[in-house]
**Student:** 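Can you keep this structure in mind? I'll have questions shortly.
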Amino acid sequence: MDQVRVKNGRLSRSYIEKMVTVCLFLLIPTVLLIVFTYIPAAEMIKFSFEQRDEFGVNVQNVGLKNYKTVFSTPEYFDAFKNSIYYLVGSFIQLGLALFLATILCSKIRFSNFFKGVLFFPYMINTVAVALIFRRFFQKGDGVTNTDGTLNSIITLFGGGPVKFLSTEGLVNICLVFVSIWRYIGFDLVMFIGAIQSVSPDIYEAAELDGANRFQVFRYIIAPSIRPIILLQMILAVKGAISVYEIPFIITGGRFGSSTFVIQTTETAFKFHKVGLASAMAVVLFLIIVVVTIIQKLVFKEDK
């Protein structure tokens with residue numbers, strides 16, 4: 001290899017051309033990453049120490065005042081209570097996806113058809129999903145209108161209409177259901193890929209030894225796909241903390257369904273406090289980092 005790269009004490013022309021080509025291909029994504037990720041993140045951290053609106057008029061450096069406001073205002077952290085609903089829903093989603101993936105990786109008829117059906121919701125745009133389920137649960141402003149599709153079905157069987165999206169507590173359960181329906185396909189595909197990556201010889205050996213389905217899952221599948229389970233758990237916790245699209249589109253954060261991210265965007269664009277909203281975003285980022293580190297330590301891989 002060294003003889004190919006070095007010729008008469010110099011790098012060969014073909015090797016230099018390959019390196020230049022690789023660098024050019026890496027240049028575009030690197031520039032995009034810096035321009036649209038790192039620079040905005042740095043600006044956000046800078047804004048968090050300032051008192052400013054979205055137009056940057058009369059900017060004042062206030063130091064840690066925005067962070068003190070975030071940690072001293074109970075209303076901001078009350079929104080994290082709703083994250084418990086999504087956290088529980090995320091683990092239900094993971095368990096259900098793992099169960100379905102295990103079944104679909106076994107020898108059953110029409111398994112590919114069911115894989116496509118379960119993955120299809122993940123391919124739909126989140127806005128479209130939210131609009132569909134808003135009509136499904138309850139049309140109108142969510143206060144007096146109860147003529148949604150689900151209420152029509154309940155009325156058909158003799159039940160009374162229910163205000164699904166305007167009853168505190170129930171609204172979060174409905175939103176979690178929508179979230180599970182929307183994202184379970186992603187977990188399913190990840191688990192199916194991990195399960196199918198295990199050597200078929202191991203499954204055949206377990207079958208010859210008389211292992212049942214539960215034993216195969218416990219002693220072969222679960223240990224083999226542990227890194228993927230850990231990854232999905234980290235993504236689940238991150239998603240539960242930073243929920244935004246579904247509750248914002250369906251309820252607008254009303255009736256006790258607001259999340260920390262919704263409050264952050266409202267602080268920036270509704271109340272025009274960009275500095276405070278930037279501090280809230282930094283706090284959310286730090287919370288996600290801390291939770292991820294804790295998960296990595298708790299579920300540390302054995303060497």
Side-chain angles (χ1 to χ4, degrees), residues 80-124 126 129-130 133 136-137 164 169-198 202-203 206 211-247 250 257 259 287-288 290-302:
F80 277 114
K81 294 179 181 179
N82 292 335
S83 298
I84 299 176
Y85 288 96
Y86 294 96
L87 186 62
V88 173
S90 296
F91 285 107
I92 293 175
Q93 175 182 315
L94 287 175
L96 185 60
L98 186 57
F99 174 74
L100 293 174
T102 305
I103 293 177
L104 292 176
C105 286
S106 60
K107 298 178 181 179
I108 63 171
R109 299 180 62 182
F110 308 112
S111 61
N112 290 331
F113 170 77
F114 290 115
K115 290 176 186 178
V117 169
L118 293 171
F119 182 70
F120 179 74
Y122 185 71
M123 299 175 63
I124 306 175
T126 306
V129 171
F133 276 95
F136 175 74
F137 284 119
F164 290 100
L170 179 60
V171 60
N172 289 311
I173 295 175
C174 294
L175 295 176
V176 169
F177 171 79
V178 178
S179 181
I180 293 174
W181 187 87
R182 168 71 172 82
Y183 293 106
I184 193 173
F186 175 73
D187 294 330
L188 185 70
V189 169
M190 294 292 290
F191 287 141
I192 288 176
I195 293 172
Q196 290 180 341
S197 66
V198 181
I202 300 178
Y203 294 123
N212 57 37
R213 294 288 181 86
F214 177 75
Q215 291 172 329
V216 170
F217 174 81
R218 180 180 179 182
Y219 296 107
I220 297 177
I221 295 177
S224 300
I225 67 172
R226 185 179 177 183
I228 301 300
I229 296 176
L230 174 60
L231 172 63
Q232 295 306 105
M233 289 180 63
I234 292 174
L235 294 177
V237 173
K238 172 184 172 295
I241 296 175
S242 57
V243 174
Y244 175 70
E245 295 98 333
I246 289 176
I250 295 180
S257 63
T259 64
I287 291 174
I288 293 174
V290 171
V291 171
T292 302
I293 292 174
I294 293 174
Q295 282 186 297
K296 293 287 288 184
L297 292 177
V298 172
F299 299 98
K300 188 175 181 180
E301 285 290 322
D302 297 329

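All values below were derived from every heavy atom in this structure, side-chain atoms included, with hydrogens, water molecules and symmetry-related copies excluded.
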**Student:** Which distance, rounded to the nearest 0.5 Å, do you find between the CG of L188 and the CD1 of I192?
**Tutor:** 4.0 Å

**Student:** Looking at F119 versus Y122, is the centre-to-centre ring distance below 6.0 Å?
**Tutor:** yes

**Student:** Within the structure provided, determine whether I229 and M233 are in side-chain contact (heavy-atom separation under 4.5 Å).
**Tutor:** yes

**Student:** So which heavy atom on P247 is nearest to which on S257, and how close?
**Tutor:** CB-O, 3.8 Å

**Student:** To the nearest 0.5 angstrom, please state how far the CD1 atom of I184 sits from the CZ atom of F191.
**Tutor:** 10.0 Å

**Student:** Nearest 0.5 Å please: distance from the OG1 atom of T102 over to the CD1 atom of I225.
**Tutor:** 6.5 Å

**Student:** Evaluate side chain to side chain contact (heavy atoms under 4.5 Å, CB included) for V129 paired with V178, printing each intermediate quantity in order.
**Tutor:** CA-CA 8 Å; V129 171; V178 178; 3.9 Å; yes

**Student:** So, applying side chain to side chain contact (heavy atoms under 4.5 Å, CB included) with L175, which one of I180, I250, L170, T259 is it?
**Tutor:** I250

**Student:** Measuring from K238:NZ to I234:CD1, what's the distance to the nearest 0.5 Å?
**Tutor:** 11.5 Å

**Student:** Tell me the ring-ring contact (aromatic ring centres under 6.0 Å, His included) pairs involving residues 80-102, sequence neighbours left out?
**Tutor:** F77-F80, F80-F260

**Student:** For S90 versus A240, what's the shortest heavy-atom pair and its separation?
**Tutor:** OG-CB, 4.1 Å

**Student:** Check whether Q215 reaches the backbone of N212 with its side chain - one donor and one acceptor, N or O, closer than 3.5 Å.
**Tutor:** yes

**Student:** Can you tell me how far CD1 of I288 sits from CD1 of I293, rounded to the nearest 0.5 angstrom?
**Tutor:** 12.0 Å

**Student:** Are I124 and W181 close enough that some pair of their side-chain heavy atoms sits under 4.5 Å apart?
**Tutor:** yes

**Student:** Any heavy-atom pair between the side chains of T126 and Y183 that's under 4.5 Å?
**Tutor:** yes

**Student:** Please identify which of these residues, V171, V243, L87, N172, meets the side chain to side chain contact (heavy atoms under 4.5 Å, CB included) condition with N82.
**Tutor:** N172

**Student:** Of all the heavy-atom pairs spanning Y203 and I195, show the shortest one and how long it is.
**Tutor:** OH-O, 3.2 Å

**Student:** Hey, are the side chains of M190 and L231 touching, using non-hydrogen atoms and a 4.5 Å cut-off?
**Tutor:** yes

**Student:** Is any side-chain heavy atom of F217 closer than 4.5 Å to one of L98?
**Tutor:** yes

**Student:** Taking the six-membered ring for Trp, are F137 and F164 parallel (under 30°), tilted (30 to 60°) or perpendicular (over 60°)?
**Tutor:** tilted

**Student:** Taking S197 for the side chain and A194 for the main chain, is one N or O donor matched with an acceptor at less than 3.5 Å?
**Tutor:** yes

**Student:** To check you understand the geometry: which heavy-atom pair defines the closest contact between A206 and V216, and what is its length?
**Tutor:** CB-CG2, 4.2 Å

**Student:** How far apart are the closest heavy atoms of Q196 and C105, and which atoms are they?
**Tutor:** CG-SG, 3.9 Å

**Student:** Do you know the tightest heavy-atom contact between S224 and V198?
**Tutor:** CB-CG2, 3.6 Å

**Student:** Kindly compute the distance separating CZ (R182) from CD1 (I246), expressed to the nearest 0.5 Å.
**Tutor:** 7.0 Å

**Student:** Go through the structure and list residues passing side-chain contact (heavy atoms from CB on, under 4.5 Å) with I108, not counting sequence neighbours.
**Tutor:** I103, L104, S106, S111

